[in-house]
Amino acid sequence: MLAILGLDRDYRVLLRRGQNFARRVPSRHPPVEQWTLLGYSVGEGPYEWLTYQQVYDQARELGSALTGRLGLSRGEFVGVYSQNRAEWVLTEVACNQFSLVLVPLYDTLGTEACNQLECFVVVDSETKARNLLQCKAEAPSFRHLVKEAQEAGVELHAWSELVSWGRENLAEQVLPPMTPEDTYLSYLPLAHMFERCAITMCFLNGMRVGFFRGDVRQLMEDMQALRPTLFCTVPRLLNRMYDRVLAGVSGSVIKSKLLQMAVDRKTRMLERGIIRRDTMWDKLVFSKVHQLTGGRVRVVITGSAPIGAKVMQFIRAAFGCPVFEGYGQTEATAAVTVTLPGETSLGHVGTPVPCNHVKLVDVPEMGLKASDGRGEVCVRGANVSSGYFRMDDKTAEVLEPDNWLHTGDIGEWTENGCLKIVDRRKHLFKLAQGEYVAPEKIEQLLSRSQYVAQIFVDGDSLEIYVLGIVVPDPDVVLPWAKSHGLPQDLEALCKDPNGPLKRAILEDLNRIGRENGLKGFELCKDIMLCAEQFSVENGLLTPTFKSRRPDLRVRFRDDFKRMYDGLRASSSAAA
């Protein structure tokens, strides 16, 4: 049975009726502002409770004092030498808010551990304070000791004193949680779990969700109007943003060098654990990027496909906020791995999320062995679905009896234990000489060309070369044509099969390929220019802006045949 609810004017009547019904049904729970979180008892007295808001406020006050009055900075240690109590949890929340590293200390703390103490420590008893003071001479960098209302022989602060100071000098958290003042722009397809999980996260944090106007080409205008603080996106859009910035400075050596200097300086700051967007580089170079996205983005999450290392480095520098890259699929409730906060390394999709395990399995037909650190990515955990509805055969293809899900992606483990996605298993193809080609890896590299808006790389098992279909970027190509005395007509430029534009783009693609380590058989032997963009509307992109490879292959089948015939003819003539 199929039931369809049409969203017309009548839905407002239904909504009002639902609201009236809700008013008549009393809630079984107290108001949100009365929800309690931490309870404690003083002596023989009854339990007293702190609400969620009180916990948040006290933790922020403590963190403000730790960083403001005591001078702790991001990544420094805060020890807790205490039994279970509310202050233990409050200290941990404060550390999380201000990116301080919490170090739990056990009752069996000995001299050896004291020798390693280079941190501020919270203690809950006089005995423990004295244990630490005995180690003072052996730990010269030990700076502060907190014990409520207790004096000691080192610089001492009472808990209440620090909390009171922090209340009067509140600081912004390094990575504050989302609040009702935060806004999310929804434009990725809700049919995919990535977007649904993002909106659920917004609900859990009381955020606002605004929807785009339905045209991705107007997304920047929507962002400037809505001014989101959380930006969930896909590499294709970040690549376009990166390409636009490069195109804007390509005509000036000074601007190009200034951009590179800005990225380098911001990257060095990130490597020291500093994430900010109020530097002189932000004012001189990255302010336009901030304006394009509304000026309030403080968290970026990208997924759906791997993102190039140079693009990721630029995005981290330009946005000046935490940028997370995740990997997953709808069958695993969106996330399988994700990069950690403050991540500085490039070229991977992070480590497994806490709810699942990840392993690589052999792919014999490709000669890949998991023992060598490469293979098909499999995932098992609470986030993995139980199968496809009424499609037992399809389920059996991807889900093993012990619930390991075969993702169809080829991955490899990096030296630091992160996962790197190489390509889709079903997209790999073999050339006549027996070499396997990962087209998406090649496309990701070649899309860095300033001339390229979109690219599709493919080959044939009976041929020894790969070929490409390139959609030129008009914002770069048309000024280039003008400077070379050519007509500023994209379609006319693309129709010339051996014209100067095609030669310039092919030369640039091969240069980028060689510089990034592509093998000879992975370089495009020939390309065809196409003026029409790949899009969801013409059936060449998925709703998440991935290439529909089977449809692209059908669309350009005759063009690939023509290019292969031309290459064979040229080879015969040369012989």
Side-chain angles (χ1 to χ4, degrees), residues 217 236 239-240 242-244 246-251 431 437 439 442-460 462-516 518 520-535 537-541 547-549 551-575:
R217 292 171 296 184
R236 186 177 293 273
N239 290 341
R240 293 289 293 160
Y242 176 65
D243 292 340
R244 290 289 180 90
L246 287 187
V249 302
S250 61
L431 294 175
V437 177
I442 300 173
E443 291 165 358
Q444 180 183 333
L445 288 173
L446 300 187
S447 64
R448 297 177 186 174
S449 170
Q450 62 174 333
Y451 303 106
V452 174
Q454 295 168 314
I455 184 170
F456 170 59
V457 173
D458 203 10
D460 191 295
L462 300 178
E463 305 290 346
I464 61 174
Y465 307 118
V466 298
L467 305 174
I469 304 295
V470 175
V471 178
D473 187 340
D475 293 336
V476 175
V477 167
L478 296 183
W480 177 90
K482 182 179 180 181
S483 66
H484 286 74
L486 299 172
Q488 297 180 63
D489 183 332
L490 186 60
E491 288 195 17
L493 292 168
C494 291
K495 285 180 179 178
D496 189 343
N498 296 300
L501 178 61
K502 174 185 171 178
R503 294 196 300 270
I505 293 178
L506 183 58
E507 180 180 342
D508 195 50
L509 295 180
N510 288 332
R511 176 189 61 80
I512 292 173
R514 285 189 292 268
E515 289 178 354
N516 287 276
L518 289 185
F521 64 85
E522 295 176 306
L523 299 175
C524 289
K525 189 68 173 180
D526 196 6
I527 60 172
M528 188 196 83
L529 305 185
C530 175
E532 181 185 5
Q533 292 258 344
F534 308 157
S535 67
E537 290 73 22
N538 61 21
L540 300 180
L541 290 183
S547 297
R548 290 187 180 274
R549 307 195 72 84
D551 298 290
L552 284 162
R553 189 171 288 120
V554 171
R555 169 73 178 272
F556 296 107
R557 178 187 298 153
D558 294 340
D559 299 297
F560 275 93
K561 184 179 183 304
R562 175 182 53 77
M563 284 190 282
Y564 275 128
D565 290 342
L567 289 171
R568 280 193 294 271
S570 299
S571 179
S572 299

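Computed from a prediction, not measured in an experiment: that's the story for all the values here. Counting from 1, the numbers follow the sequence of the chain as shown.
To the nearest 0.5 Å, atoms CG (Asn538) and CD (Glu532) are separated by 4.5 Å. Interatomic distance, Glu491 CD to Asp496 CG, rounded to the nearest 0.5 Å: 14.0 Å. Atom CD of residue Gln488 and atom CG of residue Leu493 lie 9.0 Å apart, to the nearest 0.5 angstrom. Atom CG in Leu467 sits 11.0 Å away from atom CE in Met528 (nearest 0.5 Å). Once rounded to the nearest 0.5 Å, the distance linking NZ of Lys502 with OH of Tyr451 reads 16.0 Å. For the atom pair CD1 of Ile469 and CD of Glu443, the computed distance is 11.0 Å after rounding to the nearest 0.5 Å.
Minimum heavy-atom separation, Pro474 to Pro479: O-CD, 3.7 Å. Contact record, Leu509 with Leu446: O-CD2, 3.3 Å, taken as the closest heavy-atom pair. Minimum heavy-atom separation, Leu523 to Leu518: CD2-CB, 4.0 Å. Nearest heavy atoms, Cys530 versus Cys494: C-SG, 4.0 Å.
Residues that satisfy the side chain to side chain contact (heavy atoms under 4.5 Å, CB included) test with Asn516, not counting sequence neighbours, are Leu445, Arg448, Ile512. Contacts of Asp558 classified as side-chain hydrogen bond (donor to acceptor under 3.5 Å, both in side chains), with partners at least two apart in sequence or in another chain: none. Listed by chain and residue number, Val554 satisfy the side chain to side chain contact (heavy atoms under 4.5 Å, CB included) test with Arg557 (two or more places apart in sequence, or in another chain).
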Exercise for the section: Could you walk me through whether Glu463 and Lys525 pass side chain to side chain contact (heavy atoms under 4.5 Å, CB included), step by step? Expected result: CA-CA 11 Å; Glu463 305 290 346; Lys525 189 68 173 180; over 6 Å; no
Practice task
Could you give me the CA-CA distance, side-chain angles and deciding distance for Phe534 and Val471, then say whether side chain to side chain contact (heavy atoms under 4.5 Å, CB included) is met?
Solution key: CA-CA 8 Å; Phe534 308 157; Val471 178; 3.7 Å; yes
Practice task
With side chain to side chain contact (heavy atoms under 4.5 Å, CB included) as the test, would you mind laying out the steps for Gln450 and Leu246 before giving the verdict?
Solution key: CA-CA 7 Å; Gln450 62 174 333; Leu246 287 187; 5.6 Å; no
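With hydrogens and angles ignored, the 3.5 Å screen pairs no side-chain donor or acceptor of Asp473 with any backbone N or O of Arg240.
Applying the salt bridge (Lys or Arg N to Asp or Glu O under 4.0 Å) rule to pairs touching residues 449-460 yields Asp458-Arg553, sequence neighbours excluded. Among residue pairs with one or both ends in residues 486-508, none qualify as ring-ring contact (aromatic ring centres under 6.0 Å, His included); sequence neighbours excluded. Residue pairs satisfying the side chain to side chain donor-acceptor pair (under 3.5 Å) criterion with at least one member in residues 503-512, sequence neighbours excluded, are listed as follows: Ser449-Asp508, Asp508-Arg511, Arg511-Glu515.
Residues Leu501 and Leu486 are not in side-chain contact: their nearest non-hydrogen atoms beyond the backbone lie 4.5 Å or more apart.
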